[in-house]
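Just so it is clear, the values below take in all heavy atoms, side chains as well, and ignore hydrogens, waters and symmetry mates. Starting from 1, each residue takes its place in the sequence as its number. Read the numbers this way: they start at 1 and go in the same order the structure lists the ligands and their atoms.
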Amino acid sequence: DNSTAVDLALFGALGDLALRKLYVALYHLDREELMAPETRILGLARQEYDNDAFRARVRDALETRVRADERTEESMNRFLARLDYIEIDFASPESYNQIAQWHGSSARPLTIYLSVPARLYGDICANLSSAGCLDDESRVVVEKPIGYSLQTSEEINDAIGAVFDESRIYRIDHYLGKETVQNLLALRFANPLFGSQWNQSHISHVEITVAETVGIEGRWGYFDQAGQLRDMVQNHLMQLLCMIAMDPPSNLDADSIRDEKVKVLKALRPFEGARLDTDVVRGQYIAGTINGKSVPGYLEEEGANVDSRTETFVAFKTEIQNWRWAGVPFYLRTGKRMPEKLSQIVIHFRPQSHYIFDNDQRNMAANKLIIRLQPDEGIALQVLTKDSGLDKGMRLRTGPLHLDFHQAFPSARIPDAYERLLLEVMKGQQYLFVRRDEIEHSWRWIDRLIQGWEARDIVPKRYPAGSWGPVSSIGMITQDGRSWYEDY
Ligand code: BG6
């Protein structure tokens, strides 16, 4: 479909994200014939490469990252032929003239992808504009982190906004590109069974866990300035929370969806006073073992500042102060160096109000909906049935109604988040991208939490790598008579 053809100019073309994710995603779109034949891709970076060297580098990246049965010489060559390269100096006007020349008078929208540090966004946008590269059709795609506080994110958004209209800005949160995250919309708004139960009358509490086994992986310099709250909660966990908690949008338009998400962010209860001690847990991993392998502690990682108080784990209990959710606690946790990689949402429904079975089984009497985002994508609904056996009487047991996406739809490949996101950019559709006010409301809430930590001098609690975080993150939920759901 030629209406989706773009001239994609990728800043940071030899960076980690580009080589790990972006070319692979673009390649898959091409291979599945979702990329218009006219689409061209321009790599921009400081290294002295020419087109051939650049294509060879991308070929290498594809050969390591795309499965052998998903590539042929023909599909690889077709993709590589779309690529050009310009060696640029981000600050020099001459470089931008070259981009203008490459784009020429093409009718394809020039689509700028900024996979470079956010402090460069403003200058790059301004330079593109002065070199006459842009018109009303041009688009810009930006990666996180957009700032490290409300103020810095406003500065960055102002600088981009001075050149691009909001309707042309695509802010990436790659969690929104995940197939299973989009599935939350289908699950909630296409199934009356769930839609009708999705509120405080029927749901007792909600858990969101985003656990990673990775540590800092050579990114200490970046990570130590950020910490898990800014690196994961400000963006990914907030987006998951919004997708779970938002009211039904009136349609699937970008702004209908984003308006509803903003309402959730505005209704999120801020942390104040003693709740900073009881309802939030900050953690930092020490040495431990993951899958039988010993790993160093955060302060022993390469390049570490041994006095760092940066958190690698956060758990908190919050509330969304509106009609739908009043009184329903949301428990969230995310950390590095957890025992397994697992992103999962668990919706706990309220128990039956009139109970006729054995009283000692009352506590198991609640349905749970477990939404497994990654890995082993699927959905399970825990239901109660009668235990079989003549000696069991009317004893109950719990078991899952289980939809495993890989088993149920074996021929469907689950695409990487970046494939979906790049496809939507090419189509000019923004519903999977984050609007300026979403980011800013989220920062406002995060800033308050950080100020609270600073004011109360809250230092991270230690947890061994390979554990589920500081003991107090377990205590935070057990003191409410609940526990983190573990058994999938
Ligand atoms: C990134 C964070 O945004 O998301 C990383 O900067 C984190 O620290 C990553 O590891 C997790 O993404 P995924 O897709 O592996 O869950």
### Query
salt bridge (charged side-chain N to carboxylate O under 4.0 Å, His left out) with Glu166: which of Arg435, Arg436, Arg171?
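Exactly one candidate clears the test, Arg171.
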#### Entry: Partner residues of Trp453 under the ring pair (Phe, Tyr, Trp, His ring centres under 6.0 Å) criterion, sequence neighbours left out
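Trp453: no ring pair (Phe, Tyr, Trp, His ring centres under 6.0 Å) contacts found.
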### Query
Looking at the rings of Trp443 and Tyr148, which for Trp means the six-membered one, are their centres under 6.0 Å apart?
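No; Tyr148 has its ring centre 6.0 Å or more from that of Trp443.
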### Task
Run through ligand 1 for me and note each protein residue having a heavy atom under 4.0 Å from it, chain first, then residue number.
Lys144, His174, Tyr175, Lys178, Glu212, Arg219, Asp231, Met232, His236, Lys336, Lys341, Gln374
### Query
Would you say the side chain of Tyr298 lies within less than 4.5 Å of the side chain of Asp224, judging by non-hydrogen atoms?
yes
### Query
Is the shortest distance from a Lys or Arg side-chain nitrogen in Glu440 or Arg444 to a carboxylate oxygen in the other one below 4.0 Å?
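Arg444 and Glu440: not salt-bridged.
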### Query
Is the His205 ring parallel, tilted or perpendicular to the Tyr331 ring (thresholds 30°, 60°)?
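Rings of His205 and Tyr331: perpendicular, as their planes differ by over 60°.
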